[in-house]
Q: 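Please see the structure below; I have some questions.
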Amino acid sequence: MTSEKFEINLGKSYPDIRKLSQDDFIRFWENQAKSLKWFKPWDTTLNWNPPFAKWFEGGLLNASYNALDIHQTEKSDKIAIFWEGEDASQRSISYAELFIQVKKFANVLKSLGIKKGDRVTIYLPMVPELVISMLGCARIGAIHTVVFSGFSSTSLRDRVEDSESKIVITADGGFRKGKIIKLKDIVDEAVSEVKSIEHVIVFERVKGKITLNEKDHLWSELMKHASDQCEAEELESTHPLYILYTSGTTGKPKGVLHGTGGYLTHLHSTYKWAFDIQDSDIYFCTADIGWVTGHSYVVYGPLLHGATQIMYEGAPDYPDISRMWNIIQKYKATIFYTTPTALRMFMKFGDEKPNSFDLSTLRLLGTVGEPINPEVWKWYFNVIGKKRCPIIDTWWQTETGGMMISSLPGIESNFLKPGSATQPVPGVSISVVDEDGKEVPANTKGSLIIENPWPGMLMTLWNDDEKYKDVYWSKFENKYYPGDYAICDSDGYFWLLGRSDDVLKVAGHRIGTAELESSLVSHDYVAESAVCSIPDEIKGESIIAFVVLNDGIEITQEKIVNELRNTVRNSVGAIAIPQEFYIVSKLPKTRSGKIMRRLLKAIANKEKVGDVSTLEDGAAVTEVQSAFDEIQKSINISDR
Ligand code: ATP
Ligand code: MG
């Protein structure tokens with residue numbers, strides 16, 4: 001933890017918003033919900049039958065209506081999406097055009113027999129048709145379930161089967177680092193035996209040769225004949241909008257089910273508070289829509305506000321490490337929202353690249369997905385934001401639907417601390433508790449819990465109420481347990497210290513993975529790091545560290561390790577000095593870019609690595625394994 005504070009005066013101050021939320025969170029969210037267009041107002045703001053919450057029961061609305069119809073008078077010509085293909089092709093789609101496409105696609109779904117409540121799996125690359133497909137589903141009350149297009153046929157099949165989808169929407173292919181990924185072939189392999197699938201729709205992205213099977217239809221053919229008249233279905237607030245599987249960082253992905261009215265209320269408010277969105281903004285979020293950040297802050301949040309955004313199709317480092325800076329410069333982006341893992345990658349290659357682009361249009365920077373190391377935060381602030389742009393570090397989960405902890409430049413001018421996500425958003429109460437669920441004093445580590453239901457919260461896990469209760473609600477009575485370890489400091493600022501399951505317990509001390517990794521990353525040699533523990537007869541557990549070095553570091557391993565030991569000694573304490581260091585070129589990560597510490601731990605403990613279906617690159621595991629084996633040759637673990 002650092003005591004540094006960064007003051008940025010944003011000129012915004014709506015203290016009432018926070019105050020009102022503290023008086024009565026239910027009334028507060030009720031007022032927020034009025035920003036949406038409802039066909040019929042709700043009867044009950046919150047029906048709380050723990051742990052099941054129904055927000056705005058009795059109300060009728062439609063997500064696609066709130067994303068599109070409401071903008072048609074004032075903003076029909078405004079650009080909704082500036083799309084940039086990996087191959088640098090471009091499309092500009094106005095709100096009017098998006099509206100027409102969505103209505104046509106909703107009619108396509110209807111013509112294929114899709115009805116309210118049916119599930120539709122979407123397995124598309126980052127193309128505007130992905131947004132059109134989701135909103136088309138939402139328009140008629142079908143439940144979309146987007147599967148990240150980097151997943152294998154087995155992962156896709158598992159999700160299609162679990163959701164019992166009737167349709168899969170895919171593309172002939174997608175571009176990734178200059179290569180074409182043949183998505184249609186993957187779909188064929190995945191769903192040919194799945195009984196629930198009645199149709200497959202194929203969008204022609206790469207325009208290669210497509211072999212159509214019996215159930216297959218071309219997107220272009222279906223759209224050619226579809227009418228552009230389609231009223232939005234009047235849906236209950238609690239009608240499911242989508243199922244989305246979590247990243248799988250800690251194990252088997254969970255099918256998170258989100259509703260409509262509560263979820264949209266949460267997004268409408270947090271998008272405005274956090275990004276302070278203005279009509280003139282050009283917003284750029286790098287998340288793939290296959291993850292929740294893409295659902296909430298690429299699709300629904302920006303569209304509810306009629307914002308203009310950039311959507312990029314490909315890899316962030318293709319054709320080179322400057323691609324993001326190039327896009328910011330080209331489209332004059334004003335807001336940039338990305339992940340710590342991407343920032344660590346950019347930082348690894350130094351300041352020269354970003355400094356050679358004009359990033360002066362940026363006014364706000366955001367991050368999500370993992371704790372951001374203070375060193376990386378400062379680099380983002382200094383080099384990308386040129387000390388002008390506030391950083392919003394947004395803590396939330398697939399399950400929470402929207403942001404839960406973040407600074408909020410749209411409503412208040414608080415100071416920022418590098419590495420702290422700052423404070424809960426209005427209407428949300430969060431505490432840090434001990435094992436018995438008792439709130440711990442300031443500056444004491446413990447588990448994060450959410451005190452009250454909130455509108456964006458998941459309704460349940462798809463088809464598995466028992467697991468829903470067990471995973472999130474069984475540890476602390478009637479309090480939501482997100483599984484993260486944290487500290488709240490004396491300013492009321494929250495610091496996320498990593499996953500509770502990954503906490504390092506050494507000689508009676510508990511150390512969050514983020515504390516130690518941030519210490520290692522603060523050293524000039526280190527770009528990335530991951531730590532985990534292994535059993536130790538004396539200390540109970542001992543720590544091992546994996547590090548990835550910055551580009552161009554050519555120093556002996558011995559010197560590096562010595563310096564890193566000193567760094568940890570000085571910043572965290574001698575107790576936290578890792579027993580072993582392994583220098584590797586890659587860390588195992590999920591497809592969403594999160595470090596999978598459970599794999600490192602499994603390797604170090606000589607256990608099976610478990611479910612790796614969400615792993616990005618198998619090579620990283622092999623490399624970690626061989627680095628580990630190499631050192632183990634000379635050390636007998638049981639002798640430690
Ligand atoms: P699974 O639940 O399957 O293990 P996952 O938790 O990685 O996967 P997500 O819902 O995508 O799936 O990620 C949410 C988690 O990401 C949070 O619980 C937290 O651990 C981490 N996280 C997200 N944002 C932040 C942030 N700003 N600071 C610290 N951690 C964050
Ligand atoms: Mg999770």
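Computed from heavy atoms alone, side chains included, the values below leave out hydrogens, waters and symmetry copies. Note that ligands are numbered from 1 as they come in the structure, with each ligand's atoms numbered from 1 the same way.
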Q: How does K594 reach ligand 1, by side chain, by backbone, by both or by neither, if only non-hydrogen atoms under 4.0 Å count?
A: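 The part of K594 near ligand 1 is the side chain, not the backbone.
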
Q: Please list the nearest protein heavy atom to atom 24 (N) of ligand 1 with its residue and the distance rounded to 0.1 Å.
A: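 Closest protein heavy atom to atom 24 (N) of ligand 1: G369 N, 3.0 Å.
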
Q: Tell me the contacting part of A421 for ligand 1: side chain, backbone, both, or neither, using a 4.0 Å heavy-atom threshold, strictly below.
A: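 Neither part.
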
Q: Assess whether a salt bridge exists between R18 and E412, defined as any Lys/Arg side-chain N lying under 4.0 Å from an Asp/Glu carboxylate O.
A: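 The answer is yes: the pair qualifies as a salt bridge.
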
Q: May I ask you to identify, for T394, whether its side chain, its backbone, both or neither come under 4.0 Å of ligand 1 on a heavy-atom basis?
A: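 Contact part for T394 vs ligand 1: backbone (N, CA, C, O).
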
Q: If we count only N and O atoms by modelled type, under 3.5 Å, do the side chains of W48 and N452 hold a donor and an acceptor together?
A: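 Side-chain D/A pair, W48 to N452: absent.
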
Q: Please work out whether any backbone atom (N, CA, C, O) or any side-chain heavy atom from C-beta onward of W291 is under 4.0 Å from ligand 1, and answer side chain, backbone, both or neither.
A: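 No part of W291 comes within reach of ligand 1.
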
Q: Return the closest protein heavy atom for atom 29 (C) of ligand 1 as residue, atom name and distance.
A: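 Result: P371 N, 3.1 Å.
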
Q: Using a 4.0 Å heavy-atom threshold (strictly under), name the region of L496 that reaches ligand 1: side chain, backbone, both or neither.
A: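 Under 4.0 Å from ligand 1, L496 contributes side-chain atoms alone.
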
Q: What's the shortest heavy-atom distance between E623 and K586, and which atoms?
A: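 It is OE1-N, 3.8 Å.
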
Q: So is G483 close enough to ligand 1, meaning a heavy atom under 4.0 angstrom away?
A: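 No.
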
Q: Going by an N to O cut-off under 4.0 Å, is there a salt bridge joining D317 and K177?
A: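 A salt bridge links D317 with K177.
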
Q: Cut-off 3.5 Å, side chains only: do S165 and S163 have a donor facing an acceptor?
A: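 Checked: S165/S163 side chains pair up, N/O donor to acceptor below 3.5 Å.
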
Q: Hey, are K601 and D502 close enough for a salt bridge, meaning a charged N less than 4.0 Å from a carboxylate O?
A: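 Not counted as a salt bridge, because no side-chain N and carboxylate O are separated by less than 4.0 Å.
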
Q: Distance to 0.1 Å, residue and atom name: give those for the protein heavy atom nearest to atom 31 (C) of ligand 1.
A: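 The answer is W395 CD1, 3.5 Å.
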
